[in-house]
Q: 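Structure incoming, see below.
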Amino acid sequence: MPNAAIETTYHLARQRYADWGVDTDEALRRLEQIAISMHCWQGDDVGGFETDAGLTGGGIMATGTYPGKARNADQLRADLEKAFRLIPGVHRLNLHAIYRETGGKPVDRDRIEPAHFQRWIDWARQLGIGMDFNSTYFSHPKAADGFTLAHPDPGIRRFWIDHGIACRKIGAAIGRALGTPCVTNTWIPDGFKDVTIDRKGPRLLLKKSLDEMFAAAVDPQANRDAVESKLFGIGSETYVVGSHEFYLGYAVRNKKLLCLDAGHFHPTETIADKISSVLLYLDEILLHVSRGIRWDSDHVVILNDDLRAIAEELVRGDFLDRVHIGLDFFDASINRVAAWVIGVRAMIKALLAALLEPTPLLRQCEVDGDFTGRLALVEEVKTLPLGAVWDYYCLKEGVPVGRKWLGEVRQYESEVLSRRG
Ligand code: RNT
Ligand code: ZN
């Protein structure tokens, strides 16, 4: 579609929304301010660059054999840049500790330092983006038992506490260097596959480990700590130490950010409904936007009802400045750059849809007890010309409109990814 047609279509759409009392220009101004933290680990199936072994253990698994995954940090950065160029707006990078660059030197996880992430920091500065960080408690011999911070062996616990301490320092260095706070997230796989007798003991140990890990005060302008719960994982189907109740309590008491991962609850339980509750007791939260399918919690995010509900909550509750939006999925069965682009664009579309909602009108129906009107209007709003506004936003931000981005990914695949052997 020629640019002039995109603009004409937008102007018609703007009028349609104006009829509902919605200012599309204002919605786009707000949308432009929202940074989404794009997770590096979609680019190499959560492998990292410590060893050639890739993802092992940890109750998570990437499935698929699509060719072309990034084999080193330079390749991963190139792939990330490609994806960023196809996504409207200025976003962030979410990095895991296993993506450190030590110049070939073996450095164990309790010893990693900001210097090992300097190239990532310099790269982010060049792109003008912020960064977030994650400690990595899987794919390591000391995590092979399926226990880390809650391991019964004090030596193993100490190792992982030191990893967590190292990661907070790295997070702070990132935040200071880039001038925007880094959110450093903690997720551990600890749990049992089958019937569990002692549910209390490991939780006491985890609490103690976290207390030690978080003992030192860190400037919140540099680093903010988040803790992520999970209901179950592969190999921890019966019992997960870091459950929702565990971390909700921990976060409230210790003023941490709670990380809500969309794939970490019962299948019909959605995180959208949790946001307005937990933000009564917490200053800020982190989201891991993902898509659960049956037992898997990490499918590529698409514009479905769950995603839209999350975005609606953020906008309706005026929570955008208290919620850090991160994505968390990994699919090795499709082009990995495309997976990022699909997921991040879907998140942005969901936010746009929420920003274009005639909320006062819907709210008034609810206040008046007019539930017929509420349901009727919600249905009518669904077919307002969201796509025309979205296309115009992409045009304005200088990224491909509509399916055009896919052609660019295919070209990148034939010129770069397919040559990786
Ligand atoms: C695992 C958690 C965790 C990981 C990433 C790689 O279930 O969701 O956030 O996906 O840290
Ligand atoms: Zn997650």
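Atoms within each ligand, like the ligands themselves, are counted from 1 in listed order.
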Q: Hey, could you give me the CH2/CG distance between W390 and L28, rounded to the nearest 0.5 Å?
A: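 Going from the CH2 atom of W390 to the CG atom of L28 covers 10.5 Å.
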
Q: In this structure, which one of T359, L361, L355 forms a side-chain contact (heavy atoms from CB on, under 4.5 Å) with E357?
A: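 One option only clears the test, and that one is T359.
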
Q: Give the atoms of ligand 1, by number and element, whose distance to some non-hydrogen atom of I60 is under 4.0 Å.
A: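 Reading through ligand 1 atom by atom, the close ones are 1 (C), 7 (O).
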
Q: Kindly confirm or rule out an N or O of D298 lying under 3.5 angstrom from an N or O of ligand 1.
A: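 Checking ligand 1 against D298, no N or O pair falls under 3.5 Å apart.
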
Q: If we count only N and O atoms by modelled type, under 3.5 Å, do the side chains of Y10 and D25 hold a donor and an acceptor together?
A: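 Short answer, yes.
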
Q: Verify whether one side chain among E237 and W295 offers a donor that lies under 3.5 Å from an acceptor in the other.
A: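 Distance-only check fails for E237 and W295.
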
Q: Can you tell me if K274 has over 12 outside heavy atoms packed within less than 6.0 Å of its NZ?
A: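 Yes, enclosed.
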
Q: Distance check below 2.8 Å: does D298 bring an N, O or S atom to the Zn ion (ligand 2)?
A: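 Looking at D298, which is the residue asked about, there is no N, O or S atom under 2.8 Å from the Zn ion (ligand 2).
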
Q: Return yes if a side-chain donor-acceptor contact under 3.5 Å exists between S290 and D328, otherwise no.
A: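 Checked: S290/D328 side chains show no N/O donor-acceptor pair below 3.5 Å.
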
Q: Students should be able to answer this: which protein heavy-atom is nearest to atom 5 (C) of ligand 1, and at what distance?
A: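 Protein heavy atom at minimum distance: H96 NE2, 3.5 Å.
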
Q: Suppose we only allow N, O or S atoms; which atom of E228 ends up nearest to the Zn ion (ligand 2)?
A: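 The nearest such atom is OE2.
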
Q: If you measure every N/O of D328 against every N/O of ligand 1, is any gap under 3.5 Å?
A: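 Yes - when backbone and side-chain N and O of D328 are compared with those of ligand 1, one distance drops under 3.5 Å.
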
Q: Can you sort out which atoms of ligand 1 are near H288, meaning under 4.0 Å from one of its heavy atoms?
A: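 Answer, ordered by atom number: 9 (O).
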
Q: Pick one: which of D79, D44, D74 meets salt bridge (Lys or Arg N to Asp or Glu O under 4.0 Å) with R420?
A: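 Of the listed residues D79, D44, D74, the salt bridge (Lys or Arg N to Asp or Glu O under 4.0 Å) partner of R420 is D79.
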
Q: Would W41 count as a polar contact of ligand 1, with the cut-off being nitrogen or oxygen pairs under 3.5 Å?
A: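 No, since none of the N or O atoms of W41 sits under 3.5 Å from an N or O of ligand 1.
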
Q: Counting heavy atoms only, which of K230, M61, H39, E228 comes nearest to atom 7 (O) of ligand 1?
A: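 The nearest heavy atom belongs to K230.
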
Q: Would you mind naming the N, O or S atom of D328 nearest to the Zn ion (ligand 2)?
A: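 Output for this pair reads OD2.
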
Q: What does the angle at the Zn ion (ligand 2) come to, between atom ND1 of H288 and atom OD2 of D261, rounded to 10°?
A: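 Here the angle at the metal atom is close to 110°, to 10°.
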
Q: Pull out every atom of ligand 1 sitting under 4.0 Å from any heavy atom of F330, numbered as shown with elements.
A: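 That gives atoms 10 (O) of ligand 1.
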
Q: Can you list the atoms of ligand 1 that are under 4.0 Å from a heavy atom of H264?
A: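 Those atoms are 1 (C), 2 (C), 7 (O), 8 (O).
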
Q: With respect to C40, which candidate in L95, V46, N94 satisfies the side-chain contact (heavy atoms from CB on, under 4.5 Å) definition?
A: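 When side-chain contact (heavy atoms from CB on, under 4.5 Å) is applied between C40 and each of L95, V46, N94, only L95 qualifies.
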
Q: For H140 and F159, I'd like to know if the aromatic rings sit close, meaning centre-to-centre distance below 6.0 Å.
A: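 Ring centroids of H140 and F159 are less than 6.0 Å from each other.
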
